[in-house]
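Worksheet: one structure, shown below.
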Number of protein chains: 2
Amino acid sequence: MTKQVKIDRGTGVSVWRQISEWLRAEIASGAFVAGERLPTETDIAERFSVNRHTVRRAIAALTADGILRADQGRGTFVASTPINYPIRKRTRFSEIISSQDRTPSGRTIGSGQDEADALLALRLDVPPGTQLLRIETLRVVDGAPVLVATSWFEAERFRDAVGVYEATHSFTEVLKSGGVHDYERKESRISAELVEPQDALHLGIASGQPVLVVESVNVDQDGRPVQYTSTRMVAERMQLVIES
Amino acid sequence: MTKQVKIDRGTGVSVWRQISEWLRAEIASGAFVAGERLPTETDIAERFSVNRHTVRRAIAALTADGILRADQGRGTFVASTPINYPIRKRTRFSEIISSQDRTPSGRTIGSGQDEADALLALRLDVPPGTQLLRIETLRVVDGAPVLVATSWFEAERFRDAVGVYEATHSFTEVLKSGGVHDYERKESRISAELVEPQDALHLGIASGQPVLVVESVNVDQDGRPVQYTSTRMVAERMQLVIES
DNA sequence: GGTAATTTGTTCGTATGTATC
DNA sequence: TGATACATACGAACAAATTAC
């Protein structure tokens with residue numbers, strides 16, 4: 001149900017600009033959603049009875065504005081504006097997402113008990129082999145999965161971590177259940193990898209796509225590590241922001 | 001030219017641990033470089049006249065320590081120890097690298113003049129179309145390329161940016177040439193992508209490999225943007241650290 | 001794995017409209 | 001009015017990248 005649009009020549013507004021404004025309006029109205037492929041340059045050119053170069057000029061203008069993204073051989077796509085994810089001492093996923101007029105949600109995708117390997121032992125400052133509880137969650141923004149996170153807690157201190165998280169969906173409550181009433185993020189380590197097959201399924205992306213990997217440690221009021229989390233984010237939909 | 005090593009039994013140090021320490025030393029000495037595949041478990045077992053299970057025990061210990069990485073169906077590899085790259089207000093590549101007992105170097109791989117597109121205009125707070133000078137550099141650590149960076153400066157203010165950089169290899173000097181005697185990093189934006197073909201050549205990695213993309217803005221003493229930089233880092237060799 | 005089809009990217013050339021001196 | 005410069009628009013052919021079969 002696309003509105004019929006005529007190209008008016010000799011109006012003082014160039015043809016490419018009229019097409020550019022039409023495209024901009026279509027995208028704004030939701031006729032083309034983020035990530036969707038536009039009709040081919042040839043199709044648009046035929047639709048308005050103009051030369052393909054004229055369409056390319058219109059697309060180039062929107063590409064420069066970051067509204068479109070053209071991939072040779074694949075097509076032209078509505079650029080998905082990445083979610084800004086600030087890294088601070090206290091970051092709450094839902095607050096960050098809501099502040100950008102998006103709708104957050106999430107669900108638990110797994111849990112269990114592990115022994116601390118060398119890395120976990122180092123980060124949580126416990127002896128290797130210590131029993132740890134693991135909680136895996138999937139976070140969704142505007143209906144699209146954006147990250148999977150795996151958190152570990154010392155089993156002895158946070159005996160019912162899994163139960164508390166299931167009931168409240170809040171890591172703050174899990175930490176409270178172990179007597180931690182205040183906590184903050186100590187450090188974050190950021191890297192990137194190709195997505196693991198299992199994560200790819202949860203995130204709904206193809207294998208071979210990159211993910212941002214953020215490893216973070218929460219410490220209690222005394223500076224002792226209480227939670228270690230490994231987060232894998234869909235790189236295309238996420239941009240980490242550090243305000244130094 | 002591997003040093004001959006004997007296994008001593010009954011010394012209070014288990015055989016698997018002796019093999020494990022030998023491997024650790026070989027890797028530290030550079031006999032096996034990061035990414036290299038180890039000899040098969042059978043080969044190592046024969047070399048020391050021990051059972052293959054003993055070798056597996058040694059490898060498992062190093063894997064737990066993150067020194068080796070076993071890929072099902074491919075083999076066991078020396079894990080590339082990532083370079084820790086802290087993001088702070090003042091980050092100097094050479095200082096960061098040197099502090100980790102590594103040897104930094106770099107060279108200019110390109111320069112030129114561009115008009116500011118929408119993104120550059122936004123980040124540098126100039127009108128779109130403003131003339132900008134571009135400097136592209138390649139940074140190398142211990143002989144291996146780790147990142148390529150593209151920096152833009154306002155052409156009018158930093159007329160001889162390219163010349164100054166060529167002569168001094170210092171962005172501090174470039175900024176001085178435009179009257180900026182103090183500057184700091186305002187914000188950093190981190191994402192990940194698959195490497196661009198041209199970057200892949202410079203970085204010496206295969207296409208399809210992920211890169212960490214860091215966009216950063218330097219501001220002068222009055223808080224005005226003076227330098228915008230896009231850095232693409234080999235994800236496998238880099239880990240960004242944010243101490244919040 | 002190889003081939004053909006699809007789609008964007010690049011480079012020629014030609015013609016026309018518009019603003020300025 | 002004429003000369004000039006620049007942006008706009010059309011046409012054709014080919015290159016490069018991706019996808020489908």
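Since the model is a prediction, treat every value here as computed from it, not as a measurement. A, B, ... follow the sequence lines: proteins, then strands. Residue 1 opens every chain.
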Heavy-atom side-chain proximity of [X] to [Y] below 4.5 angstrom:
X         : Y         : answer
Ile190(B) : Leu240(B) : yes
Ile135(A) : Thr137(A) : yes
Arg139(B) : Leu147(B) : yes

Exercise for review: Measure the distance from CG on Asn51(A) to P on dC12(C) and round it to the nearest whole Å.
Suggested key: 17 Å

Review point. Does the distance from a Lys or Arg side-chain N to an Asp or Glu carboxylate O, for Arg157(B) and Asp220(B), drop under 4.0 Å?
Key: yes

Point to revise | Set of side chain to side chain donor-acceptor pair (under 3.5 Å) partners for Arg52(B), sequence neighbours left out | key: Glu41(B)

Study note, to complete from the structure: Across all chains, not counting sequence neighbours, the side chain to side chain donor-acceptor pair (under 3.5 Å) partners of Glu187(B) are Arg189(B)

Check your understanding: Contact boundaries of DNA chain D with chain A (under 4.0 Å, heavy atoms), 5' to 3'?
Key -> dT8(D) to dT19(D)

Check your understanding: Between the axis at one end of the helix from dG2(C)-dC21(D) to dC21(C)-dG2(D) and the axis at the other (five pairs apiece), what's the angle to 10 degrees?
Key -> 10°

Report each atom pair, protein N/O against N/O of nucleotides 8-11 of chain C, whose distance is under 3.5 angstrom.
unit_1  : atom_1 : unit_2   : atom_2 : d
dT8(C)  : OP2    : Glu41(A) : N      : 3.0
dG9(C)  : OP2    : Arg56(A) : NH1    : 3.0
dG9(C)  : N7     : Arg52(A) : NH2    : 2.7
dG9(C)  : O6     : Arg52(A) : NH1    : 3.2
dT11(C) : O4     : His53(A) : NE2    : 3.2

**Study point:** ring pair (Phe, Tyr, Trp, His ring centres under 6.0 Å) against Tyr85(A), all qualifying residues, sequence neighbours excluded
**Key:** none

Check your understanding: For Glu156(B), does the CD atom have more than 12 heavy-atom neighbours from other residues, nucleotides or ligands under 6.0 Å away?
Key -> no

Exercise for review: Classify the ring geometry between Phe48(A) and Trp22(A) as parallel (under 30°), tilted (30 to 60°) or perpendicular (over 60°).
Suggested key: perpendicular

Revision key, fill the gap. Taken to the nearest 0.5 Å, the spacing of Arg185(B) CZ from Ser216(B) OG works out to 4.0 Å

